[in-house]
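Reading through the structure tokens given below for one structure.
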Amino acid sequence: MHGNYFIHTYGCQMNLHESEKVAGVLNSLGYAATADEEKADIIVFNTCCIRDTAEKRALGNIGVTKRLKKQNKNLIIVVLGCMTQQDGVAETIRQKYPYVDIILGTRNIDSLKDALKEKLEDGKKTLFNSFNDDYLVKDEKLPIFRDSFPNAWVNIIYGCNNFCTYCIVPYVRGREISRKQCDVIDEVKKCVDDGFKEITLLGQNVNSYGNDLSDGTSFASLLEQIDKIEGKFRVRFMTSHPKDLTQDVVDIIAGSDKICNNIHLPVQAGSDKVLKDMNRKYTREKYISLVEMIKNKIPNAGITTDIMVGFPTETDEDFLQTVDLVKQCRFSNAFTFVYSPRKGTLAAKMPQLEYSIKQARIMELIKLQNSITKELSNGYKGKTYEILVEDYQPKLDGYICGRTDCGRLVSFKGDKSLIGEFVNVEIQSAKSASLFGKIV
Ligand code: SAH
Ligand code: SF4
Ligand code: F3S
């Protein structure tokens, strides 16, 4: 087999990493990546269905390939990822987009090789989206073509058991399965040996790591082991569920040079009633005291969050509680979303709020967080931080950028050859969320 491939990736970091596995499989078969979709022999869509917008974007782009397929009769279209795992969606894609050749579920990347073979040899189409029991065994063997230097993604737990009432993830990603601690450690060591300078541990809820293992390992013990690995590198992780983030994990972060002082802690809402309806299993008070505990133990911690507005039972009063929580917690950044009903989830069956209400709330929330981010940004001025150079600044010629330990992005003048190096940067100016500085 030979030719070029192009991968469209939608959704979260988990999907970004899984596209690296898809690329690994395709490279191992003799294909090469191309930046020009029109020249591809295989086009892959790694889909997301967390919100309606993500789904629409993927379907729109899949539709476009009908034209490409007319130009190139041998073009192979592959659709995989979360969308294909929703009730009935794979079958609908099969009917409405008959030019799609291969459809695989979230736990079937290992089947890509055979599916391609069958397509090339016999013209056979594949639709396979079962939650294999031996998923982990097969997944461990997949080659990975890492594409986010100096960062390396490392999965530690797959799936989710939480069933927040708005969320589709448990349905499309299945129940939690933790990788063995030794497999994770080996992979981290290999990434560090290969020159990666930042390791990001991935899971829908990293704090559940180990719950399904019988060897007593936990997320805290995994972090301790990773912290002991020799070399100069940083460790980040996402996502932490507030109901499961424990003090021992915070203590380990506080005592470690490698594990970044950066915690992504999605709150979703500030009202106890809405949190209960969302099945989040913590209260507003518990969340706020968790944030205070983190700030006490790690004074320069960067705490980021996800917030949703427009959940079906959210009243104006409830929304004001979210606003108030945001003012109290002063997050270094917040990812804000408008609730989008997901078929098959509990919340989708409740009476829904009007679009205009949701829109007004999200605008207010974004405005508030922007003003907080701006105020916090000013506090960085004049200070010097160690930055891991990640990339060049596409918008500013001659500039490169990277992050502080606490996760803030800083841009400064420098050469692309510094990507992957640690440099000290003095912050000189702040423009809302963007910090600018110079190497010292
Ligand atoms: N496992 C992670 C996040 C998964 S999805 C966690 O538990 O936090 C990322 C974010 O998308 C969520 O934090 C939530 O804010 C948002 N999200 C999930 N389902 C959504 C929906 N139906 N509509 C709008 N936003 C949603
Ligand atoms: Fe979705 Fe909740 Fe699981 Fe996160 S913890 S993936 S929001 S069900
Ligand atoms: Fe989307 Fe699936 Fe991630 S639904 S957010 S790609 S787990």
Side-chain angles (χ1 to χ4, degrees), residues 8-19 22 45-58 79-86 89 105-107 109 129 153 155-176 201-209 211 237-245 263-270 274-275 277-282 287 303-312 314 322 331 333-350 352-353 355 358-359 361-362 365 369:
H8 290 270
T9 306
Y10 306 86
C12 62
Q13 287 79 3
M14 195 81 74
N15 259 19
L16 281 178
H17 182 41
E18 271 159 14
S19 286
V22 172
F45 293 88
N46 191 4
T47 60
C48 168
C49 54
I50 197 80
R51 284 169 288 275
D52 190 48
T53 42
E55 242 174 55
K56 289 238 163 74
R57 227 175 322 134
V79 178
L80 38 78
C82 293
M83 253 176 78
T84 71
Q85 213 78 54
Q86 280 173 289
V89 170
T106 49
R107 296 193 177 182
I109 295 176
N129 57 356
W153 310 107
N155 228 316
I156 65 168
I157 179 168
Y158 298 92
C160 181
N161 289 358
N162 290 313
F163 290 93
C164 302
T165 56
Y166 51 81
C167 185
I168 195 72
V169 172
Y171 302 92
V172 297
R173 289 265 171 188
R175 293 300 73 72
E176 288 172 0
L201 307 174
L202 293 177
Q204 293 304 337
N205 178 9
V206 290
N207 302 96
S208 314
Y209 174 77
N211 287 355
F237 55 86
M238 63 194 318
T239 296
S240 287
H241 195 305
K243 79 177 165 58
D244 297 314
L245 179 68
I263 302 182
H264 185 56
L265 198 63
V267 64
Q268 311 300 357
V274 173
L275 287 171
D277 293 346
M278 287 178 165
N279 192 31
R280 289 292 286 180
K281 298 199 173 81
Y282 52 85
Y287 185 88
I303 304 176
T304 57
T305 198
D306 291 347
I307 308 169
M308 203 185 299
V309 301
F311 185 81
E314 185 186 68
T322 299
F331 298 108
N333 200 0
F335 300 90
T336 51
F337 306 106
V338 172
Y339 166 72
S340 164
R342 305 286 70 207
K343 207 172 139 222
T345 61
L346 264 179
K349 298 187 189 92
M350 302 174 181
Q352 303 294 319
L353 297 184
Y355 173 80
K358 299 188 196 182
Q359 218 43 37
R361 287 182 191 163
I362 192 96
L365 193 61
Q369 181 57 43

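Order of appearance sets the numbers: ligands from 1, and atoms from 1 within every ligand.
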Going by chain and residue number, what protein N/O/S atoms come nearer than 2.8 Å to atom 1 (Fe) of ligand 3?
C48 SG
Tell me whether ligand 3 is touched by Q204 - counting only heavy atoms on the residue side and a distance under 4.0 Å.
yes
Is it true that a side-chain atom of T345 and a backbone atom of I168 form a donor plus acceptor pair closer than 3.5 Å?
no
As an exercise, state the distance from OG1 of T305 to CG of N333, rounded to the nearest 0.5 Å.
10.0 Å
Taking all non-hydrogen atoms of both residues into account, name the closest pair between S208 and D244 and its distance.
OG-OD2, 4.1 Å
All side chain to side chain donor-acceptor pair (under 3.5 Å) counterparts of N162, not counting sequence neighbours:
K243
Ordered by chain then number, the protein residues lying under 4.0 Å from ligand 1 by heavy atom are I50, R51, Y166, Q204, T239, P266, Q268, R280, D306, M308, F337, V338, Y339, S340, R342
Shortest non-hydrogen separation from C49 to M83 and the atoms involved
CB-CG, 3.8 Å
With a 4.0 Å cut-off on N to O distance, would you call R342 and E55 a salt bridge?
yes
With no hydrogens and no angle check, is any side-chain donor or acceptor of T106 less than 3.5 Å from a backbone partner on V172?
yes
Hey, is the main chain of T84 close enough, under 3.5 Å, to the side chain of N129 for a donor-acceptor pair?
yes
With a 3.5 Å distance limit and no angle check, can you tell me whether D52 reaches the backbone of S340 through a side-chain donor-acceptor pair?
no
Parallel, tilted or perpendicular, judged at 30° and 60°: which one describes the rings of Y10 and F45?
parallel
As a test of reading the model: which residues have a non-hydrogen atom less than 4.0 Å away from ligand 2?
C160, N162, F163, C164, Y166, C167, V169, P170, Q204, H241, R280
The reported gap from CE in M14 to SG in C48 (rounded to nearest 0.5 angstrom) is 11.5 Å
With the threshold set at 4.0 Å, does a side-chain nitrogen-carboxylate oxygen contact exist between E314 and K358?
no
Ring centers of F237, H264 separated by less than 6.0 Å
no
